[in-house]
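Worksheet: one structure, shown below.
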Amino acid sequence: MHIPLSSNAPLPLWEGDLELPETPKSFRGEDGVRATIGSPEQWADGQLMGDKWHPPVGGRRYHVVRLAFTLRPRGRYTVVTEATFCLHLTAQGTQRAFISDAFPRAQTVELKDSVKFGLGPAFKIGTIEAELASAEVTFDAGVVIPVVTVEGIQEPELCWRYRAHDKFPLTGSRIMHAIVSLPPETPRALATLSLSVVQQDKLGPLPLGVPMNEQAKLQFAIGGRKS
């Protein structure tokens, strides 16, 4: 199975100006960063692998989640030097959902062409040319732009951390994929996204994020359907 990028951009989960913590917008002037966080897309394990696939020993289930955000710096002197985008899974009693794998991971070199990653029966991500040459599912991942690192594999919160590159400023869109592992008898998990950046302008570095009163809009459910 091949999962292409969406031909139409998904509706925004959230769109607006990133703000300084506890600082009224009127004090920031016209410069700043406008951002869009796309509505997540997701696919269940059985949906991807078909009827012949069975959950591994222990009964955990898996979902692939595609995430995206866009940054639009405004102002002649506004530059984004860092951006952090996180996926957080809420605990449900003693049952623990976590992110078992992600793409991209560490990326420090230029990839000029769009890339694909593969997903095998063990629900691990690999490049098509490497360990998953016979992958059963492939995902288009867009163009992977440096520099990015990932923190939180096998944990309930995973963050992609982007840094500006001389050739690749932090503007435009980024696409990410995560594999969410759900415990047995837990058909769904509540997830929350977060986005923060460091804006550099003539006044110096400024930390910006989604306004506090808008953050509830960044919650969504993973799973919930039988596969």
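Values below: all heavy atoms of this structure, side chains included; hydrogens, waters and symmetry mates excluded. Nothing fancy with the numbering, it's 1 onward along the sequence.
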Heavy atoms of other groups near Q154 CD, more than 12 under 6.0 Å: yes

Closest contact, heavy atoms only, A97 versus A189: CB-CB, 4.3 Å

Close side-chain approach of L71 to T171, heavy-atom, < 4.5 Å: no

Cluster overlap V137 with I179, hydrophobic side-chain contacts below 4.5 Å: yes

pair F123-V64: side-chain heavy atoms closer than 4.5 Å: yes

Side chain to side chain, V115 and F103, heavy atoms closer than 4.5 Å: yes

Closest contact, heavy atoms only, L170 versus A164: CD1-N, 3.7 Å

Minimum-distance pair of heavy atoms, taken over all atoms of A35 and W14: O-CZ3, 3.7 Å

Same apolar cluster (I L V M F W Y, side chains within < 4.5 Å links), I222/L190: no

Spacing of R74 atom CZ and R34 atom CZ [to the nearest 0.5 Å]: 7.0 Å

Residue pair G223 / Q42: nearest heavy atoms and the distance that separates them: N-OE1, 2.9 Å

Side chain to side chain contact (heavy atoms under 4.5 Å, CB included) between R72 and T36, intermediate numbers included: CA-CA 9 Å; R72 302 178 182 88; T36 301; 2.8 Å; yes

Close side-chain approach of P73 to V197, heavy-atom, < 4.5 Å: no

Any side-chain heavy-atom pair of S100 and Y62 under 4.5 Å: yes

CZ on R66 to CD1 on I3, rounded to 0.5 Å: 7.5 Å

Gap separating the CZ atom of R174 from the OH atom of Y162, nearest 0.5 angstrom: 6.5 Å

Aromatic plane relationship, W160 with F85 - under 30° parallel, 30 to 60° tilted, over 60° perpendicular: tilted

Taking every non-hydrogen atom, the tightest pair across L87 and A178: CD2-CB, 4.0 Å

Check: T84 side chain, S196 main-chain N or O, donor-acceptor pair, under 3.5 Å: no

Nearest heavy atoms of P104 and V148, plus distance in Å: CG-CG1, 4.2 Å

Pairwise distance CG(D45) to CG(L182) - rounded to 0.5 angstrom: 8.5 Å

Q47 (side chain) donor-acceptor with A44 (main chain) under 3.5 angstrom: yes

Side chain Q199, main chain T78, donor-acceptor under 3.5 Å: no

Option passing side chain to side chain contact (heavy atoms under 4.5 Å, CB included) with F139 (candidates L5, L119, I125): L119

CD-OG1 distance between E157 and T90, expressed to the nearest 0.5 angstrom: 10.0 Å

Heavy-atom check, side chain of D17 versus side chain of V33, under 4.5 Å: no

Note, P40 side chain near L13 side chain (heavy atom, < 4.5 Å): yes

More than 12 heavy atoms from other groups under 6.0 Å of CZ on R96: yes

Distance (rounded to the nearest 0.5 Å) between T138 OG1 and L48 CG: 10.5 Å

In one Ile/Leu/Val/Met/Phe/Trp/Tyr side-chain cluster, 4.5 Å: L195, V198: no

Test item: T192 and Q215 side chains (from C-beta on) under 4.5 Å apart, heavy atoms: no

Derivation and outcome, side chain to side chain contact (heavy atoms under 4.5 Å, CB included), residues I153 and R105: CA-CA 10 Å; I153 297 292; R105 287 211 193 181; 4.0 Å; yes

Hphob cluster co-occupancy, I99 + V65, side-chain heavy atoms under 4.5 angstrom: yes

Verify same cluster id: I175, F69 (apolar side-chain graph, 4.5 Å): no

